[in-house]
Amino acid sequence: MAIPEHYTYSRRDYKPIPWIPQLLSLKSRVEEATPGAAYANLRLPKTGYNAVLCNLYRNGDDSVGLHADAEPEMGPVIASLSLGAGRVFRLKRKDGSVAFSERLPHGSLLIMAGKTQDYFKHEVPKDPDVTQPRINLTFRHIAHK
């Protein structure tokens, strides 16, 4: 699967680097674990991921605010793999009410698909009780429109 030449995320342009063997192995496992229904409900064929974004949360002081991954080139299915310290992942409706809030443990895989990015925003809030790092890998299929 071809690596995109560039992509835009949060209004910034990025140039990806080639896959390393460890990430290719994880990508394969994440593709196998992604349910076909994530694509079938969109009337799309199941496609693989051609990109991964990596975020490091050094401790509970690092967070990501409420947002939607609504960039059209990022594709309709996002697989989010959490490694390291457990952190709360919160999904909120447009009216601000909480639809989902769970502490995602090490090794958890969360799939967001369909209209999730249209109807909800998500966040990883600050957590002063977390002292260990967490890495989040979000696998996506980048396709320029």
Quiz item: Do any pairs count as a salt bridge (charged side-chain N to carboxylate O under 4.0 Å, His left out) and have a residue in residues 35-52, sequence neighbours left out, and if so which ones?
Solution: none
Quiz item: Is a side-chain donor-acceptor pair under 3.5 Å present for R87 with S82?
Solution: no
Quiz item: Would L56 end up clustered with L23 when hydrophobic side chains under 4.5 Å apart are linked, directly or stepwise?
Solution: yes
Quiz item: Can any side-chain N or O of R93 pair as donor or acceptor with the backbone N or O of V98 at less than 3.5 Å?
Solution: yes
Quiz item: Rounded to the nearest 0.5 Å, how far does OG of S80 lie from CG of L53?
Solution: 10.5 Å
Practice problem: Keeping the roles fixed (side chain from S25, backbone from Q22), state whether a donor-acceptor pair exists under 3.5 Å. | Solution: no
Practice problem: Report the residues that fulfil side chain to side chain donor-acceptor pair (under 3.5 Å) with R103, sequence neighbours left out, ordered by chain and then residue number. | Solution: D127
Practice problem: Return each pair, listed once, that meets salt bridge (charged side-chain N to carboxylate O under 4.0 Å, His left out) where at least one residue sits in residues 75-85; pairs must be two or more places apart or across chains. | Solution: none
Exercise. Consider only side-chain heavy atoms of I, L, V, M, F, W and Y, link residues closer than 4.5 Å, and tell whether I135 and F139 are in one cluster.
Key: yes
Quiz item: For L24, what residues pass the side-chain contact (heavy atoms from CB on, under 4.5 Å) criterion, not counting sequence neighbours?
Solution: W19, K27
Quiz item: How long is the gap from CG on N59 to NZ on K126, to the nearest 0.5 Å?
Solution: 9.0 Å
Practice problem: Quick one: list whatever passes salt bridge (Lys or Arg N to Asp or Glu O under 4.0 Å) with E123, sequence neighbours left out. | Solution: R90, K92
Quiz prompt | Separation of L83 CG from R134 CZ (nearest 0.5 Å) | solution = 8.5 Å
Practice problem: Locate the shortest heavy-atom distance separating A51 from I142; write the atom from each residue and the value. | Solution: CB-CD1, 3.5 Å
Self-check item: Counterpart residues, side chain to side chain donor-acceptor pair (under 3.5 Å), relative to D118 (two or more places apart)
Solution: none
Quiz item: What is the minimum heavy-atom distance between H106 and G84, and which atoms define it?
Solution: ND1-N, 2.8 Å
Quiz item: Looking only at heavy atoms, what is the nearest atom pair of V77 and A38, with distance?
Solution: CG2-O, 3.8 Å
Quiz item: For L109, what residues pass the side-chain contact (heavy atoms from CB on, under 4.5 Å) criterion, not counting sequence neighbours?
Solution: V30, A33, A79, L81, I111
Practice problem: For D62, enumerate each residue passing the side chain to side chain donor-acceptor pair (under 3.5 Å) test, keeping only those at least two apart in sequence or located in another chain. | Solution: R58
Practice problem: Indicate the atoms forming the closest heavy-atom contact of L137 with L26, along with that distance. | Solution: CD1-CD1, 3.8 Å
Quiz item: Do E31 side-chain atoms and Y49 backbone N/O form a donor-acceptor pair below 3.5 Å?
Solution: yes
Exercise. Output all residues satisfying side chain to side chain donor-acceptor pair (under 3.5 Å) with T138, sequence neighbours left out; order by chain, then residue number.
Key: R140
Quiz prompt | N/O donor-acceptor pair under 3.5 Å between H67 side chain and H122 backbone | solution = yes
Exercise. Output the rest of the hydrophobic cluster of V64: all Ile, Leu, Val, Met, Phe, Trp and Tyr residues reachable through side-chain heavy-atom contacts under 4.5 Å, sorted by chain and number.
Key: Y57, I78, F89, L91, F100, L104, L110, M112, Y119, F120, V124
